[in-house]
Protein chains: 2
Amino acid sequence: MSIHPNITALTALLAEKSRATILAALMDGKFHTASELAYMATIKPQTASFHLAKLVENNLVISEKNGRFRYFRIANDKVANTLEIFMSISPPPEVRSLKQSSQLKRLENARTCYDHLAGRLSVKLTNIMEEEGYIEKSNKRFIITTKGEHFFKELGIDVIALSKKRRSFCHACLDWSERTHHLGGALGNGLFERYLELGWIESRENSREITITTVGKSGFRDFFGLEHDLLDKTK
Amino acid sequence: MSIHPNITALTALLAEKSRATILAALMDGKFHTASELAYMATIKPQTASFHLAKLVENNLVISEKNGRFRYFRIANDKVANTLEIFMSISPPPEVRSLKQSSQLKRLENARTCYDHLAGRLSVKLTNIMEEEGYIEKSNKRFIITTKGEHFFKELGIDVIALSKKRRSFCHACLDWSERTHHLGGALGNGLFERYLELGWIESRENSREITITTVGKSGFRDFFGLEHDLLDKTK
DNA sequence: TATATCATACGATACTTATCGAAGTATGGA
DNA sequence: TCCATACTTCGATAAGTATCGTATGATATA
């Protein structure tokens, strides 16, 4: 007898090309309409609807109705995290073009994980925050120090408002390209939104790719002491 | 377009009950015959053969012929590690009996991960070795210190012989019940074999479960300073 | 009110694949 | 040499399911 025979329940959902494509598309953390997802997976809307119903039924995806549109999104950060794991485990696609290769590199450098930053940039920033004593790792989460409270306030983040949100506040999220932790949860999301607001990073349409702007380079250097050269070098 | 659409290749193999059962059975790191696996998955030998061929074809499993028997085993520690992840992600089975519940607890306490120790015991030992300065974590692996070389020699482990094996020597293996790292690779395997040899632990037939003997309790206390009480308490 | 758009429901179809019986191959022992 | 055992190959079958055409319901716009 096996120990965890339930593997099939989850994997069966991912073992289908169309569903996998839909989920991968949703991994940018944004809402998408059914037609949009159908187009991305190159299937008819009925088929997408069929798959989305299954994903909703199994609590991987939630939907929100708005007028005649229905918007779909990954259900929660736990699901997003699990999908990140699956993606990192699965063999990377054969690199056919130079374009694809550099796209992969950029993804490893900085990408979204559901609703916060992931990749090399995210891990670096998290490490710096830990070294500087803004946050401390405790068990499987981070806690904010008083020094950290000042830092986040200066950055323009309302820590108190964030902590009131009904979700894990300061979650240590496993980063799968870097094989270590980065900051997730409400604070991770708050930081991500703030970077966008400040124009430090830019999120591209229909992609999880994140680009660091010139303003961002200065910002991350001034606030975090992050030398941007570090990011370009692999390991 | 998705980034890693190859998820399907792996998940499709795991999405099938019989194959999942076979793989789970093989996760004890030992060789098993085709008939044995067929029996465990409650399918006919032909069907098992069919599945095993697929698993071999996709490099998840390797086979070795010995007389009229054919022995199957997980291909390598990377595959084993990946399967560990899948198992930890998938929802645990509903606990129906007291027996099953205590079995689960014992598995979380100490089990095999392919060919080395995993679970609470393994993580504790790894932490101690790191704190005592026998090993140091560097990037995604461990390195042995000179102090550590003495320690392992005293334990009766030939570090030099192990380092000559053509496999990752001192791999930091992610532990999925504990959500942190434990020691894998050739050294992890060497330690595991040595514990068995010393009679500190016992491996049960057809199970990944590991039990710590009375001799083992003293051994782990004397050599590692591990108080066995620590293991019984959850977190 | 009429019409176009978005999404879902239903039914038919075609494709995939897990399963097993029957037959075939390889090996070891009597 | 003969037979039992272990495993694989082949072919047939049955079950599951992804897909799409058609139709229906809901909503926005004109």
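Computation of the quantities below employed the complete heavy-atom set of this structure, encompassing side-chain atoms and omitting hydrogens, waters and symmetry-equivalent molecules. We name chains A, B, ... by the order of the sequence lines, and we start the count at 1 in each one.
The side-chain hydrogen bond (donor to acceptor under 3.5 Å, both in side chains) test applied to B:H181 returns no partner, not counting sequence neighbours.
As judged by a 4.0 angstrom heavy-atom cut-off over every strand, A:F72 is placed among residues touching the sugar-phosphate backbone only.
At whole-Å resolution of the value, CG in A:L52 and C1' in C:dC6 are 13 Å apart. In this structure, the CG atom of B:L37 is 11 Å from the P atom of D:dT8, given to the nearest Å. Rounded to an integer number of Å, the gap from A:I43 CD1 to C:dA14 P is 20 Å. The distance between atom CZ of A:F50 and atom C1' of D:dA18, rounded to the nearest whole Å, is 6 Å. Across the protein-nucleic acid pair, A:F69 atom CZ and C:dA4 atom P stand 17 Å apart, rounded to whole Å. Rounded to whole Å, atom C1' of D:dT8 lies 15 Å from atom CD of B:E57. Separating the CD atom of A:E36 from the C1' atom of C:dT5 is a distance of 15 Å, rounded to the nearest angstrom.
Distances shorter than 4.0 Å separate none of the side-chain N or O atoms of A:T47 from OP1 or OP2 on D:dT19. Distances shown here put every side-chain N or O of B:T33 at or beyond 4.0 Å from the OP1 or OP2 atom of D:dA6. The side chain of B:H51 contributes no N or O atom lying less than 4.0 Å from OP1 or OP2 of C:dT17. In terms of phosphate contacts, B:S49 brings no side-chain nitrogen or oxygen within less than 4.0 Å of OP1 or OP2 of D:dT9.
For residues 74-84 of chain A, the pairs satisfying salt bridge (charged side-chain N to carboxylate O under 4.0 Å, His left out) are A:D77-A:R167, A:E84-A:R111, A:E84-A:R208, with sequence neighbours left out.
Ring planes of B:Y195 and B:F220: perpendicular class, angle over 60° (limits at 30 and 60°).
For B:F86 and A:F86, the ring centers sit closer than 6.0 Å to each other.
In terms of heavy atoms, A:F72 sits closest to A:L26 at O-CD2, 3.5 Å.
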Anything under 3.5 Å between a protein N or O and an N or O of nucleotides 21-29 of chain C, put it in a table, one pair a line.
unit_1 : atom_1 : unit_2 : atom_2 : d
C:dG21 : N7     : B:Q46  : NE2    : 2.5

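Annotation: A:R141, atom CZ; neighbour count of heavy atoms from other residues, nucleotides and ligands within 6.0 Å does not exceed 12. Around NZ of A:K30, the count of heavy atoms belonging to other residues, nucleotides or ligands within 6.0 Å exceeds 12.
Looking at which nucleotide of DNA chain D each of B:R70 and A:K54 is closest to, the 5′-most match is held by B:R70.
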